[in-house]
Each structure stands twice: as structure tokens, then as C-alpha cells.
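To start, the structure itself, in C-alpha cells.
All values below come from the heavy atoms of this structure, side chains included, with hydrogens, waters and symmetry mates left out. Residues take their numbers from the sequence shown, with the count starting at 1. As the structure lists them, so they are numbered: ligands from 1, and atoms in each ligand from 1.
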Amino acid sequence: MTIDRFDDESALSAALATYVLEQIVVRPSLVLGLPTGRTPLGLYRELRERSRGDRIDWSRVRTFNLDEFAGLPSAHPASYRAYMQAELFDHVSIDPANIGFLDGNAVDRTEECRRYEDAITAAGGIDLQILGIGANGHIGFNEPASGLRAHTHVAELERETREANADRFGGQWRNVPECALSMGMATILNATEIVLIATGAEKAEAVRGMVEGLITTRLPASLLQVHPRVTVMVDRDAWSS
Ligand code: GLP
């Protein structure tokens, strides 16, 4: 793993935005894996501002988001799809047909997970996967457990994770769905390159475990140690050595 340290969240976001846009320029049909949450908000702000006025051609870029809440229609304001539309997709020249997203409202969730895996494979796999990390070390919605799922699956959410997502649901963690659809560990590890971003002191313990600890399903992000091309971008607070 390569560790890139930044003074603060805005320096980190600016550097990652530069890298993502460079990749799009070099490879216009880039396949991007994208996260949601608070951490990538600065990245999306930078991407939409620097893409303004069609400065960056997103028309051939394809995206796959990591996860989505189960039981929510994509138009629901608390859905990750709504987040992505508001933070990025509505502001850049991406072709809606090139946006890959799990349908949290699918009647047959198992079939929906299979469809998503097939769509990623059909796109040729993910070139650049960007990840956040939960304070408990989860990535996507792969929660700490005695065993992890390889492929896209229906995941039960830990109370801690529901609390961390409560701001999208009126501040009430009980309103956060109990389940989500999420890429699995193999879906993530199959990406050619992975960049994980972490900011804030509440992530420091998980980051330390991910980088220096044993590989364990109790800290799902630690599995990234087996990947040959991972960069961890942290601000000062998330790297407290
Ligand atoms: C959420 C998402 C993850 C995200 C993580 C951290 O539950 N499913 O993909 O990386 O939690 O979120 P935040 O950046 O808000 O701390």
C-alpha cells in the first residue's frame, strides 16, 4: 500500500480530483468505481467545478457505485443514487446510460446483485475504484464479520453503520434501512487500481488496522493489503502516528 498524507481534507480532495481527471483525459472510456458518504463530498465538489463548461468530456466514462440501501427507490432523497445525482452526475457530461447503480428497490435482490456483477464484467472491470472507510473498517457495506461475501450481495447493516448514515434519514438511525446491496470483497479487489480516502480522527484506528494490522474479516479494509495497487489518501487526523 502507498500512503499519501495531506494537511487537510481539501488538499486531499484536490489531489484526488486531479488524478481522476487526468485518468479520464488519458482514457476517455475509464470505468470508475465510486463511493458515497461524507468523505468524498470534497472530491465530487472539485470534479464538478473543474468539469464546468464541458471542460472535461465525461460522455464515455462509465461508473459503478459501491452500494445502495435496500427498499429505497432510486428517486428517494436518502438514496445513494440521489446523492450521486446531486453531488456529481447532474453536473458533468456523463451519459446516463453509462451510470451503473444497484437498484435498492429491485423485487428480486439476488437477481439484481447478479445483474450488477455481470454489468461490471461486461464493462471490462473497474479501472479505478475509489473507496471510503467506515470507522469499524467496513468498505462499501462489507461489515466486520467472521466471513465476508466475495460478490455483490444483500448486506445487513451494523447499528454503528446505520448511525453513521442517519443524517440522510432525518437524523434517526432507526429510519436507516437494515439492509443494503453492496459490491463484495472480490468485486472491489478485482479493480485494477484502488484509492481509499479517509479523513478525521474517528477513522484513525480503522486506517491503522487496515495498513499495519493482520488481514482479517473483522476489519474488511485490511483485505486491501493483498491488492497490488492500493493508495491510501489520509488527512492529518486520520493518520495519527
Ligand atoms: C457508508 C458507505 C461507505 C462509506 C462509509 C464511510 O456506510 N456505505 O461506502 O465509505 O460509510 O462514510 P463517511 O465517508 O460518511 O464516513
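Looking only at heavy atoms of the protein, atom 15 (O) of ligand 1 is closest to Arg38 N, 2.7 Å. Taking atom 8 (N) of ligand 1 as the reference point, the nearest protein heavy-atom neighbour is Asp67 OD2, 2.9 Å. Nearest to atom 16 (O) of ligand 1 among the protein's heavy atoms is Lys203 NZ, 2.6 Å. Scanning the protein heavy atoms around atom 11 (O) of ligand 1, the nearest turns out to be His138 NE2, 3.2 Å. For atom 7 (O) of ligand 1, the closest non-hydrogen atom of the protein is Asn165 ND2, 3.0 Å. When only non-hydrogen protein atoms are considered, atom 3 (C) of ligand 1 lies nearest to Gly140 O, 3.5 Å. Scanning the protein for heavy atoms near atom 4 (C) of ligand 1, the closest one is Thr36 O, 4.0 Å. The protein non-hydrogen atom at the shortest distance from atom 2 (C) of ligand 1 is Tyr80 OH, 3.6 Å.
Ligand 1 places these atoms under 4.0 Å from at least one heavy atom of Ile133: 6 (C), 10 (O). Atom numbering of ligand 1 starts at 1 in the shown order; those under 4.0 Å from a heavy atom of Thr39 are 13 (P), 14 (O), 16 (O). For ligand 1, the atoms lying closer than 4.0 Å to a non-hydrogen atom of Gly132 are 10 (O).
Under the side-chain contact (heavy atoms from CB on, under 4.5 Å) rule, Tyr83 has a single partner from Leu41, Asn65, Leu88, which is Leu41. Arg81 pairs with exactly one of Leu102, Ile99, Leu72 by the side-chain contact (heavy atoms from CB on, under 4.5 Å) rule, that one being Ile99.
The cluster map of Ile, Leu, Val, Met, Phe, Trp and Tyr, joined by side-chain heavy atoms under 4.5 Å apart, puts Met210 and Phe141 in different clusters.
Taking the centre of each ring, Phe169 and Phe69 come in below the 6.0 Å mark.
Using modelled atom types, one side-chain atom of Thr18 and one backbone atom of Ala14 make a donor-acceptor pair closer than 3.5 Å. A distance-only check finds no donor-acceptor pair linking the side chain of Thr152 to the backbone of Glu117 [under 3.5 Å].
Between atom 12 (O) of ligand 1 and the options Gly37, Pro35, Ala198, the minimum heavy-atom separation is to Gly37.
Note: no N/O pair closer than 3.5 Å links Thr161 and ligand 1 by distance alone.
Within the structure, ring-ring contact (aromatic ring centres under 6.0 Å, His included) pairs that include any residue of residues 47-68 comprise Phe64-Tyr116 (at least two apart or interchain).
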Residues 29-37, side-chain donor-acceptor partners within the protein, below 3.5 Å, at least two apart:
none

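Counting heavy atoms from C-beta outward, Lys203 and Thr39 have side chains that approach closer than 4.5 Å.
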